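The chains referred to below are lettered A, B, ... by the order of the sequence lines, with proteins before strands, and numbering in each begins at 1. None of these values were measured; they are calculated from a predicted model.
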2 protein chains.
Amino acid sequence: MKEVPNKCDCKECDVREMFYEHVEEQHIEFVCVTKIEKVFKKGDVIIEAGKPIENFIYLKSGLVKLYKHDENGKGQIIMIAKPFDFVNLLSVFSDTNYNYSVTALEDSVTCNLDLDHIKNMIRTNGEFALSIMKKISKVSDTIILESLTVRKKNIHGRVAYILLFFADNIYEDKYFELPLNRREIAEFIGKTTENVIRTLSEFRKDGIIKIFGKFIEIIDKEKLQQISDFG
Amino acid sequence: MKEVPNKCDCKECDVREMFYEHVEEQHIEFVCVTKIEKVFKKGDVIIEAGKPIENFIYLKSGLVKLYKHDENGKGQIIMIAKPFDFVNLLSVFSDTNYNYSVTALEDSVTCNLDLDHIKNMIRTNGEFALSIMKKISKVSDTIILESLTVRKKNIHGRVAYILLFFADNIYEDKYFELPLNRREIAEFIGKTTENVIRTLSEFRKDGIIKIFGKFIEIIDKEKLQQISDFG
DNA sequence: GTCATTGTATGATAAATATCATAATTTTAA
DNA sequence: TTAAAATTATGATATTTATCATACAATGAC
């Protein structure tokens, strides 16, 4: 990870649209000056569980995973965050230390804002408070409701779901490179690595997808959708 | 359900402590006057999925379940809310309609505040905004992290977990009446009704619990905790 | 009270998934 | 470049869980 010289280009930053609408110029200026951009290589740890929460972090580019490790070292992926998602959504206003970790799945850039300053902005600017609440509420909701959706599915349904998630939500392409290895997919959907691999092989044998190592091409998207919906 | 004459006793209400600390007297007065208390009998529907979100609701007394019904009519319980929990936490600031339902598990009283007014309070009072955010953030966190905890467990672990949840979190007693029937327990932990029943029977045969219909007595709590932790 | 319905209970069996074993392939590190 | 480690892959088997069947108890409607 390395810090990038502050270019103070907040006005062009996409995140601005999301919640800076209601913030006065002088505050944006301050955020702009105090913000820190950090560049991470694929595989770098962005947040380590247990560390104190001191920043408000959003993802400017790249892709990251939020996950927990249990005592036995087995991981569980909570969500995948893409650009302009908040990376430290959970706990940021309700806890002092992280209870999950974040790692870069692709080369990523985060924008780190001082949490105390954000809190002050919330205190002094109600519209800002409301819009940030809306955003946070939305992401938590999504995590909760999608975990219920996935919970109902068998392994075929879950693997199909995850493939469509990457194709539709992340890459918007039928052909993409999986940012997770098979073990991580298993940690995401709550099944074993072997069965994830087996299921992918079956999809391949059935002509639903093509597999080139980490690259996936979805051949029969309709079928995959059916498996996801009814599996 | 019936509405209760407004007694304007907000000053004594426990919820006040939680987040009214920062609200000026005149606002509390207004909330007090405009709030509506509703009384529900066990089994009454408090919130129906699909209906518009118009109130900010918290539970004054009783016990409720938040749940979703899928297309096939199968239910999934998201969480159990106890007094002074927000009942419509999810989505309240990020959506216009409920995407889950709420039903009373015991006779319950809710306090309903006008959502627009709450939003105005957030706009005009930053401290209030921050404390309500903290509360909301906390509950979402808990749901997400506990669902990960449960996901790891086998059926023995999950049933043990749920029994301890009621004993420790809800009733604070080794002897309690289950507020859920066996099917609902299954919907909570994501397993089938038969296997929940079977597991309870096994716990009974092993002398870990006693079962008197809906009443449960935990005999060997240490053992139950072990099963929950390692199962 | 009686009957229908729902809930609890248990067994037998089927299906899904995990575990264990092994090997080929790919990636990483020396 | 080569050896070691990790990842992908597949088969065999064990375990877990779901499904189906049946019975009895409890509850509610009439």
When the distance from CG of Leu178(A) to C1' of dT8(D) is rounded to whole Å, what number comes out? 12 Å
Please give, in whole Å, the distance from dA25(D) C1' to Phe215(B) CZ? 17 Å
Ile189(B) has an atom CD1; how far is it from atom C1' of dT16(D), in whole Å? 14 Å
For Glu202(B) and dT16(D), what is the distance between atoms CD and C1' respectively, to the nearest whole Å? 12 Å
For Asp95(A), is there an ion pair with Lys134(B) - N to carboxylate O distance below 4.0 angstrom? no
Could you check whether the rings of Tyr175(B) and Phe212(B) sit parallel, tilted or perpendicular, using 30° and 60° as the cut-offs? tilted
Can you confirm whether the side chains of Asp141(A) and Ser91(B) place a donor and an acceptor under 3.5 Å from each other? yes
Asn88(B) versus Tyr98(B), side-chain donor and acceptor atoms under 3.5 Å: yes
Touch class at under 4.0 angstrom, heavy-atom based, for Asn154(A) against every strand present: sugar-phosphate
At what angle, to 10 degrees, do the two end axes of the helix from dG1(C)-dC30(D) to dA30(C)-dT1(D) meet, given five pairs define each axis? 60°
Would you classify Lys205(A) as touching base, sugar-phosphate or nothing, given that sugar-phosphate means primed atoms plus P, OP1 and OP2, and contacts are heavy atoms under 4.0 Å? nothing
Give the rounded distance in Å between these two atoms: CD1 of Ile155(B) and P of dT19(D). 12 Å
With sugar-phosphate meaning primed atoms plus P, OP1 and OP2, does Asn181(A) contact a base, only sugar-phosphate, or nothing at under 4.0 Å between heavy atoms? sugar-phosphate
Between Thr192(A) and Ser201(B), whichever has its closest DNA chain C nucleotide further toward 5' is Ser201(B)
First-last contacting nucleotides on DNA chain C - partner chain A, under 4.0 angstrom, heavy atom: dT17(C) to dC20(C)
Scan Arg198(A) against the nucleic acid and name what it touches under 4.0 Å (heavy atoms): base, sugar-phosphate only, or nothing. base
For Glu184(A) and Tyr67(A), which I'm curious about, is there any donor-acceptor pair between the side chains at under 3.5 Å? no
Polar contact flag, side-chain donor to acceptor under 3.5 angstrom, Glu202(B)-His156(B): yes
Can we say Glu37(A) and Lys60(A) salt-bridge, meaning some charged N sits less than 4.0 Å from an Asp/Glu carboxylate O? yes
Please report, rounded to the nearest Å, how far the C1' atom of dT10(D) is from the CG atom of Asn195(A). 12 Å
Taking only Lys NZ, Arg NE, NH1 and NH2, and the carboxylate oxygens of Asp or Glu, determine whether Glu187(A) and Arg183(A) approach each other closer than 4.0 Å. yes
Using a 4.0 Å heavy-atom cut-off, does Arg204(B) contact any base of the nucleic acid, only the sugar-phosphate backbone, or nothing at all? sugar-phosphate
Rounded to the Å, how far apart are Ile197(B) CD1 and dA23(D) P? 17 Å
Taking for Glu194(A) and for Lys153(A) the nucleotide of DNA chain C with the nearest heavy atom, the one nearer the 5' end belongs to Lys153(A)
Going by side-chain contact (heavy atoms from CB on, under 4.5 Å), Leu224(A) matches just one of Asp229(A), Val159(A), Ile208(A). Which one? Ile208(A)
